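Report on the structure given below.
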Amino acid sequence: MVERSSKFVLAVAGSACFMLILYQYAGPGLSRGAPPRRGAAAEALDLFPTPDPHYVQKYYFPVRELARDLAFDMKGDGVIVFLHIQKTGGTTFGRHLVQNVRLEVPCDCRPGQKKCTCYRPNRRETWLFSRFSTGWSCGLHADWTELTSCVPGVLDRRDSPPASASAAKAPR
């Protein structure tokens, strides 16, 4: 009998805690019978009604610039260069680029290897320059400036045929 009553008390106490938590989350948004104030909807939408005098807008990105579409032709000569920024989920995103994107010729990722080979269809040229396809070729966490000066040279070395193969093909 004591066991049944303790279960009942536990159920009532749990329900009371649940109702208290529910009231704390949903309660502030309820009007509780009071008439709505004028402009309450406008106040709710504008979290900061007065501008911060200390905030200076450094960069302005127009919506048309942020919403533009870029076409990438994998069979062409373009290369996607992945700029890895620390602590932003870049490692996960970079891994998804080589493992989970559905492509005509998917990247070849072998178990136990950190790098995958991402070649264009019918050519042994890389279309992706990232940590998981070429490694840290321009250094660990290379920034924009380092990448723009380093990537063309690295791609020329990787995608060009070896000197011995080109010398063997040359007519004498």
Side-chain angles (χ1 to χ4, degrees), residues 18 21-22 24-26 28-29 41-172:
F18 176 75
I21 291 170
L22 183 66
Q24 287 178 343
Y25 279 106
E43 287 179 21
L45 292 177
D46 190 12
L47 297 176
F48 304 104
T50 58
D52 183 5
H54 304 290
Y55 176 73
V56 177
Q57 187 173 0
K58 271 185 166 179
Y59 306 105
Y60 173 72
F61 298 104
V63 174
R64 63 179 164 74
E65 196 59 32
L66 295 173
R68 68 181 175 180
D69 291 330
L70 297 174
F72 178 73
D73 183 18
M74 183 177 276
K75 295 178 183 178
D77 292 329
V79 176
I80 293 177
V81 179
F82 178 65
L83 173 62
H84 183 258
I85 301 173
Q86 301 175 57
K87 306 297 181 193
T88 59
T91 300
T92 303
F93 182 73
R95 197 174 296 127
H96 283 298
L97 275 176
V98 296
Q99 292 177 351
N100 300 330
V101 178
R102 293 183 185 172
L103 303 167
E104 184 179 332
V105 178
C107 294
D108 183 24
C109 300
R110 299 180 189 258
Q113 288 184 340
K114 293 186 179 182
K115 294 190 297 185
C116 304
T117 53
C118 299
Y119 289 135
R120 298 179 191 278
N122 303 325
R123 286 192 283 173
R124 292 184 55 91
E125 291 179 2
T126 304
W127 62 270
L128 175 67
F129 189 92
S130 77
R131 164 189 175 183
F132 293 104
S133 63
T134 58
W136 295 109
S137 302
C138 294
L140 185 67
H141 299 294
D143 63 2
W144 175 259
T145 308
E146 291 171 320
L147 286 174
T148 54
S149 63
C150 170
V151 169
V154 171
L155 289 178
D156 286 343
R157 283 193 305 269
R158 289 190 88 230
D159 293 337
S160 64
S164 60
S166 61
K169 290 181 182 178
R172 294 183 181 186

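All values derive from a computational prediction rather than experimental measurement. We're numbering straight along the sequence, starting at 1.
- Proximity of a side-chain donor or acceptor of R123 to a complementary backbone N or O of K75 within less than 3.5 Å is detected.
- Under a 3.5 Å cut-off, the side chain of R120 and the backbone N or O of G76 do form a donor-acceptor pair.
- A 4.5 Å side-chain heavy-atom check between Q86 and L140 finds every atom pair outside the cut-off.
- The side-chain heavy atoms of W127 and C107, taken from C-beta on, include a pair separated by under 4.5 Å.
- From F132, atom CZ reaches atom CG of L97 across 10.0 Å, with rounding to the nearest 0.5 Å.
- T117 and R124 are not linked by any side-chain donor-acceptor pair at a separation below 3.5 angstrom, with hydrogens and angles left out of the test.
- Remark: the H84 side chain and the S130 side chain contain no N/O donor-acceptor pair separated by less than 3.5 Å.
- C116 has its SG atom within less than 2.5 Å of the SG atom of C109.
- The minimum heavy-atom distance linking L83 with L147 is given by the pair CD1-CD1, 3.4 Å.
- Within the 6.0 Å centre-distance limit, the rings of F82 and F93 are counted as a close aromatic pair.
- In the displayed structure, F18 atom CZ is contacted under 6.0 Å by at most 12 heavy atoms of other residues, nucleotides or ligands.
- Other residues, nucleotides and ligands contribute more than 12 heavy atoms inside 6.0 Å of the CG atom of D73.
- Counted by atom type alone, R158 and T126 present one or more donor-acceptor pairs between their side chains at under 3.5 Å.
- Taken from CD1 in I80 to CG in L70, the straight-line distance is 10.0 Å, to the nearest 0.5 Å.
- Closest of all the heavy-atom pairs between C138 and F129 is SG-CZ, 3.8 Å.
- Heavy atoms only, all atoms of each residue included: C118 and V98 are closest at SG-CG1, 3.8 Å.
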### T134/V154 under side-chain contact (heavy atoms from CB on, under 4.5 Å): CA gap, chis, key distance, verdict
CA-CA 9 Å; T134 58; V154 171; 5.5 Å; no
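- Interatomic distance, M74 CE to E125 CD, rounded to the nearest 0.5 Å: 12.5 Å.
- Between R131 and W136, the shortest heavy-atom contact is CD-CZ2, 3.1 Å.
- Interatomic distance, D143 CG to I85 CD1, rounded to the nearest 0.5 Å: 10.0 Å.
- Nearest heavy-atom pair across K115 and G135 is CD-N, 3.4 Å.
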